[in-house]
Protein chains: 2
Amino acid sequence: MEIEKVLLQKHQLSNDSISQLLSKGTIVEVVKNETIIHQGKTENFSYIILQGCAKAHLNHDGKDINFWFGFEGDFLFSYNSKISKLPGYENISTLERCQLWRISNDDLDELYKCSLELANWSRKLTEIELVKTEKRLIDFQTKSAATRYQELISKHPEILNRISLGNIASFLGISQVSLSRIRSQY
Amino acid sequence: MEIEKVLLQKHQLSNDSISQLLSKGTIVEVVKNETIIHQGKTENFSYIILQGCAKAHLNHDGKDINFWFGFEGDFLFSYNSKISKLPGYENISTLERCQLWRISNDDLDELYKCSLELANWSRKLTEIELVKTEKRLIDFQTKSAATRYQELISKHPEILNRISLGNIASFLGISQVSLSRIRSQY
DNA sequence: TCTATTTTTTAACCTATGTAAAAAGATCAA
DNA sequence: TTGATCTTTTTACATAGGTTAAAAAATAGA
């Protein structure tokens with residue numbers, strides 16, 4: 001994907017603002033199964049996925065829990081670390097060989113401090129992400145694991161080809177055995 | 001609570017920006033059990049709770065599901081409706097007699113369009129809310145209902161005095177009978 | 001205070017999901 | 001192709017939480 005298109009796909013942005021962002025960022029290549037944001041560290045970079053996919057995950061009682069998947073065009077922030085400037089609670093790791101656009105959080109902050117348009121652009125993207133997260137939370141409160149699985153693959157069928165069932169089960173909040181049982185019923 | 005203090009409790013804000021916000025807002029009183037934001041409607045106002053408490057909830061298969069509680073100092077937006085300008089999926093209702101500070105979403109948008117400081121202030125508040133929501137989501141993925149209940153009341157013991165157990169059970173994503181069972185074990 | 005209403009608990013039974021271990025299938029390097 | 005490794009499914013059993021109905025307790029009005 002082209003970085004210029006990704007930047008304005010969720011909210012409009014002037015050519016001038018796009019240039020400002022582009023001047024601060026670089027493209028990096030990352031191999032499969034590489035952790036680019038680390039639990040317990042204060043992260044200095046944010047990313048956009050141009051090619052490949054990734055997951056946000058954390059360790060809980062020895063289990064690896066996935067709580068976010070990202071694909072081409074998705075933004076990849078350690079929000080917690082970015083906001084608090086404290087160590088984040090999440091890891092972000094590639095699930096395929098990835099091409100990423102990278103920008104430092106300091107540069108981002110600087111741009112937001114100077115550009116009204118970029119500050120509002122970021123505000124909008126964060127609001128959209130908040131609604132997505134809230135909807136997923138409500139799904140956990142209201143729907144069975146079987147329903148969550150069916151809705152996930154009907155909305156994002158490509159997930160089945162790109163992400164292992166073990167990773168999907170963790171994302172759905174169930175064991176891999178349960179997911180296998182659910183799948184066997186249809 | 002004083003509205004001036006609430007505005008800067010989560011992120012700093014100049015006196016000038018506070019004045020701009022205050023000039024657009026008014027204080028309203030709302031009786032107990034009144035729904036101020038309606039599922040299926042496009043909402044024109046956002047609120048801050050000065051006194052009282054409220055819940056965000058929606059109807060799912062005939063059940064009333066709570067997914068947010070707000071107390072003094074909390075901000076009360078229909079994010080979904082505000083972002084998309086489409087009908088929201090949530091109701092927000094008072095749980096006590098409330099004193100609210102109210103501002104129209106159009107006025108807010110106008111202020112964000114003109115004020116760099118206010119745009120960044122809103123961005124920060126949204127980021128904080130996003131992290132809170134993400135953490136609650138991770139709790140659903142990783143913790144039992146009993147653990148979620150214990151953590152909720154140890155972090156917010158006042159909830160037990162102000163919100164009925166039926167409402168708390170719904171917020172925890174379990175039936176009231178299950179919550180009662182959990183409570184009886186300690 | 002007394003009654004009506006609402007909230008909370010208890011009991012009995014049912015279902016979804018967890019755990020552990022083994023089997024089956026897929027992938028990949030040599 | 002073969003063995004090594006990783007992923008997925010299956011089986012057997014355990015447990016958390018759901019449902020329904022009823023009892024008990026708390027609360028609000030008159």
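The sequence lines fix the lettering, A, B, ..., with proteins before strands; numbering per chain opens at 1. All values derive from a computational prediction rather than experimental measurement.
With rounding to the nearest 0.5 angstrom, the CG atom of A:Asp139 is 9.5 Å from the OG1 atom of A:Thr147. Atom OG in A:Ser14 sits 7.5 Å away from atom CG in A:Leu118 (nearest 0.5 Å). For the atom pair A:Lys143 NZ and A:Arg136 CZ, the distance stands at 12.0 Å (nearest 0.5 Å).
No side-chain N or O of A:Asn44 forms a donor-acceptor pair with one of A:Ser104 less than 3.5 Å apart.
A sub-4.0 Å separation between OP1 or OP2 of D:dG18 and a side-chain N or O of B:Ser178 is present. The phosphate of C:dT19 has OP1 or OP2 within less than 4.0 Å of a side-chain N or O from A:Lys63.
Out of D:dG17, D:dT19, C:dG18, the shortest distance to the side chain of B:Ser144 is found at D:dG17.
A salt bridge links A:Arg162 with A:Glu72: the closest approach of a Lys/Arg side-chain nitrogen to an acidic carboxylate oxygen falls below 4.0 angstrom.
In this structure, the CG atom of B:Asn161 is 15 Å from the C1' atom of D:dA26, given to the nearest Å. One interatomic measurement links the two molecules: CG of A:Asp61 to C1' of C:dG18, which rounds to 14 Å at whole-angstrom precision. The distance from atom CZ of B:Phe140 to atom C1' of D:dG17 is 13 Å, rounded to the nearest whole Å. Spacing between atom OH of A:Tyr149 and atom P of C:dA16 amounts to 18 Å, rounded to whole angstrom units. Atom-to-atom, CD1 of A:Ile168 to C1' of D:dT7 comes out at 12 Å; the value is rounded to the nearest Å. For the pair B:Ile174 CD1 and C:dT17 P, the interatomic distance rounds to 16 Å; values are reported in whole Å. With rounding to whole Å, B:Leu160 atom CG is found 14 Å from C:dT7 atom C1'. Between the CZ atom of A:Arg148 and the P atom of C:dA16 there is a distance of 14 Å, rounded to whole Å.
With A:Gln99 as the fixed residue, the side chain to side chain contact (heavy atoms under 4.5 Å, CB included) test singles out one of A:Ile27, A:Ile48, A:Ile3, A:Val28: A:Ile27.
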Give each protein N/O atom lying under 3.5 Å from an N/O atom of nucleotides 8-15 of chain C, with the pair distance.
residue, atom, partner, partner atom, Å
C:dT8, OP1, B:Leu165, N, 3.2
C:dT8, OP2, B:Leu165, N, 3.0
C:dT8, OP2, B:Gly166, N, 3.1
C:dT9, OP1, B:Arg183, NE, 3.4
C:dT9, OP1, B:Arg183, NH2, 3.1
C:dT9, OP2, B:Ser180, OG, 3.2
C:dT9, OP2, B:Arg183, NE, 3.4
C:dT9, O5', B:Ser180, OG, 3.2

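A 6.0 Å sphere centred on NZ of B:Lys124 holds more than 12 heavy atoms belonging to other residues, nucleotides or ligands.
When each of B:Ile182 and B:Lys32 is assigned the nucleotide of DNA chain D bearing its nearest heavy atom, the one mapping closer to the 5' terminus is B:Ile182.
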